[in-house]
Amino acid sequence: MVSYKELGFVNTRKMFEVAMKEGFAVPAYNFNNMEQLQAIVSACLESQSPVILQVSKGAREYADQTLLQYMGKGAVEMMRRMAKEKGLGEIPIALHLDHGDSYELCVSCIESGFSSVMIDGSHLSYEENVALTKKVVEYAHKYDVTVEGELGVLAGVEDEVSAEHHVYTDPDQVEDFVKKTGVDSLAIAIGTSHGAYKFKPGQKPEIRLDILKEIERRIPGFPIVLHGSSSVPQDAVETINKYGGQLKDSIGIPEEQLRAAARSAVCKINIDSDGRLVMTAKIREIFATKPAEFDPRKYLGPARDALKKMYMEKNEKVLGSAGKAPLIMAELNK
Ligand code: G3H
Ligand code: 13P
Ligand code: ZN
């Protein structure tokens, strides 16, 4: 068993307390490889934002669970060294399992140094979701690991869970779910979805802030999580298509709606697809404009720079998390 504390991570409790009080959301950015991890950590350090490094089941398999543990430890140590070099304060970093689909996977992640896990029982019956989530919470809390549960089903693909239609979170269930399971945060379905195709052409890209408001009223002060929150930057989509890609009618969540959600009880916003798009756009551009280039550093490096810029902009303009790291560090050091 490796405790996340030995690796230098923190759980999400204080992050969410401060986010709730200050009206911002902590960014949860997914990573699968070194360049994504470098971009996320350096962007969040430079914008002095807290960050949740998010790993899906697929990412864990892709990167290898042992290597991942050391990458995580390396990310914290790199952040500390960079902070000293740049004269910046250290930032709080959580390592989080995204869309955990079983008790065993959550246990395995906790044993290998994750400070937070999501158990996604949203595709189960309400009773089964409560029972599974409660079981994970009982185990995780023994090690001071925080747990995210989910109620409602997002359209699109939730890892291996696919849902053709949204099943919006029912506000009537949230209080009971939170009470029975003991979860630390709750992911809800209010019209966001995973991937690059969130709305059909002609459809108004709108999330149900009214349902969010009602949920907030039922569980005041409780941290809410939004999945599927990429905005699908159209300049990246255009670049991809200009250089041979075939993305058609990709539409994301308007940034101002996410900003409004971040000001409310939404304390964690998940973004993965936007990073994939920005990275792909840059790599395609380099392959097309510099066809003689074959050193991976020459296309992965610029892709990493573009990613870093995107994360800094998200922290500043969408999450509102830029400059908030010192407030959380002060709470953690109390
Ligand atoms: O919610 C899904 C995340 O974007 C992770 O996706 O399962 O392809 O790693 P993935
Ligand atoms: P996007 O596909 O909108 O980036 O959502 C990511 C996500 O919810 C990860 O859990
Ligand atoms: Zn998700």
Side-chain angles (χ1 to χ4, degrees), residues 12 25-33 35-37 39-40 51-65 68 71 94-102 105-106 109 114 116-123 147-163 166-167 169 185-199 205-207 224-234 236-237 247 249-255 257-258 261-262 266-281 307 310-311 313-315 318-319:
T12 57
V26 180
Y29 297 134
N30 291 67
F31 78 97
N32 294 268
N33 63 33
E35 283 77 10
Q36 290 171 319
L37 185 58
I40 296 168
V51 67
I52 298 170
L53 298 173
Q54 209 159 241
V55 175
S56 70
K57 184 184 175 190
R60 193 167 185 251
E61 283 159 9
Y62 179 81
D64 184 86
Q65 63 186 75
L68 201 64
M71 283 171 81
L95 182 64
H96 174 81
L97 168 67
D98 190 24
H99 294 284
D101 62 354
S102 69
L105 177 60
C106 292
C109 285
F114 282 60
S116 176
V117 292
M118 173 190 193
I119 178 69
D120 182 356
S122 59
H123 53 292
V147 181
E148 174 183 325
E150 179 167 333
L151 263 183
V153 183
L154 274 70
V157 177
E158 294 215 2
D159 276 8
E160 277 137 35
V161 184
S162 69
H166 297 280
V167 179
T169 305
S185 60
L186 181 68
I188 60 166
I190 55 166
T192 62
S193 60
H194 293 112
Y197 304 92
K198 301 188 192 297
F199 300 96
E206 216 164 39
I207 55 172
I224 301 295
V225 177
L226 277 194
H227 282 247
S229 296
S230 278
S231 295
V232 187
Q234 292 302 302
V237 172
L247 298 180
D249 302 325
S250 306
I251 305 169
I253 313 289
E255 290 191 339
Q257 291 182 34
L258 295 169
V266 170
C267 292
K268 171 175 179 272
I269 291 188
N270 288 11
I271 296 171
D272 187 3
S273 297
D274 282 356
R276 296 179 182 194
L277 290 165
V278 165
M279 210 173 181
T280 302
L307 266 183
M310 182 202 84
Y311 291 128
E313 284 170 6
K314 294 263 181 213
N315 294 344
V318 184
L319 289 297

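Note that the structure is a prediction, hence the values are computed from the model and not measured. As the structure lists them, so they are numbered: ligands from 1, and atoms in each ligand from 1.
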Counting only N and O atoms by type, is there a donor-acceptor contact under 3.5 Å from the side chain of K268 to the main-chain atoms of V225?
no
Would a distance-only check, ignoring hydrogens and angles, find a side-chain to backbone donor-acceptor pair under 3.5 Å from S56 to D98?
no
With rounding to the nearest 0.5 angstrom, report the CG to CZ distance, D249 to F199.
14.0 Å
Go through ligand 1 atom by atom and flag the ones less than 4.0 Å from a non-hydrogen atom of H194.
1 (O), 2 (C)
Which of these, E148, H96, H99, H227, sits in a side chain to side chain donor-acceptor pair (under 3.5 Å) with N270?
H227
Nearest-neighbour protein heavy atom for atom 7 (C) of ligand 2, which is reported as residue plus atom name and distance:
H194 CD2, 3.3 Å
What do we get for M118 next to ligand 1 when only non-hydrogen atoms under 4.0 Å count, side chain, backbone, both or neither?
neither
Examine ligand 2 and decide if any of its atoms is less than 4.0 Å from a heavy atom belonging to R276.
no
Look up atom CG in L258 and atom OG1 in T192, then write down how far apart they are to the nearest 0.5 Å.
8.5 Å
Here the atoms of ligand 2 under 4.0 Å from any heavy atom belonging to H227 are 8 (O), 10 (O)
Consider every N or O of D274 and every N or O of ligand 2, then say whether any pair is closer than 3.5 Å.
no
For ligand 1, the portion of H99 having any non-hydrogen atom under 4.0 Å away:
side chain
Element-labelled atoms of ligand 1 that are located less than 4.0 Å from some non-hydrogen atom of D98:
1 (O), 3 (C)
Give the single entry among A187, S193, S231, S230 that approaches atom 4 (O) of ligand 2 most closely by any heavy atom.
S230
Please say whether S229 places an N or O atom under 3.5 Å from an N or O atom belonging to ligand 2.
yes
So which protein heavy atom does atom 9 (C) of ligand 2 come closest to, and at what separation?
D98 OD2, 3.1 Å
Quick one: pull up NZ in K198 and OG in S229 and give me the separation to the nearest 0.5 Å.
7.0 Å
Give yes if a backbone or side-chain nitrogen or oxygen of N30 is under 3.5 Å from a nitrogen or oxygen of ligand 1, and no if not.
no
For ligand 2, which atoms have a heavy atom of H99 less than 4.0 angstrom away?
10 (O)
Looking at D120 and G100, would you say the former's side chain and the latter's main chain have a donor-acceptor pair under 3.5 Å?
no
Taking L151's backbone N and O only, do any of them form a donor-acceptor pair with S122's side chain (distance below 3.5 Å, no angle check)?
no
Side chain of T169, backbone of I188: donor and acceptor closer than 3.5 Å?
no
Heavy-atom pairs closer than 4.0 Å: do any link ligand 2 to the side chain of N30, the backbone, both, or neither?
side chain
Check I271 against ligand 2 and report side chain, backbone, both or neither, counting heavy atoms closer than 4.0 Å.
backbone
Give, for atom OH of Y311 and atom CD of Q36, the distance between the pair rounded to the nearest 0.5 Å.
6.0 Å
Could you establish whether R60 and ligand 1 come within less than 4.0 Å of each other, counting only heavy atoms on the residue side?
no
Would a distance-only check, ignoring hydrogens and angles, find a side-chain to backbone donor-acceptor pair under 3.5 Å from Q234 to V232?
yes
Identify the protein heavy atom lying closest to atom 3 (O) of ligand 2, giving its residue, its atom name and the separation to 0.1 Å.
K198 NZ, 2.6 Å
Using heavy atoms and a threshold below 4.0 Å, how should the contact between A28 and ligand 2 be classified: side chain, backbone, both, or neither?
neither
State the atoms of ligand 2, each with its element, that fall below the 4.0 Å cut-off from a heavy-atom position in G195.
2 (O)
Is there a donor-acceptor pair under 3.5 Å between the side chain of D274 and the backbone N or O of S230?
no
I need the NE2(H99)-the Zn ion (ligand 3)-ND1(H227) angle, rounded to 10 degrees.
90°
Protein heavy atom at shortest distance from atom 2 (O) of ligand 2:
S273 OG, 2.7 Å
Between T12 and V26, does the side chain to side chain contact (heavy atoms under 4.5 Å, CB included) criterion hold? Intermediate values first, please.
CA-CA 9 Å; T12 57; V26 180; over 6 Å; no
Does the side chain of E35 come within less than 4.5 Å of L307's, by heavy atoms?
no
Consider every N or O of N32 and every N or O of ligand 1, then say whether any pair is closer than 3.5 Å.
no
Considering only protein heavy atoms, which is closest to atom 8 (O) of ligand 2, and at what distance to one decimal place?
G228 N, 2.8 Å
Within the structure, is a non-hydrogen atom of G58 found at a distance of less than 4.0 Å from ligand 1?
no
Which of the ligand 1 atoms, numbered from 1, are nearer than 4.0 Å to a heavy atom of D272:
3 (C), 4 (O), 5 (C), 6 (O)
Inter-residue atom distance I224.CD1 - C267.SG, 0.5 Å rounding
8.0 Å
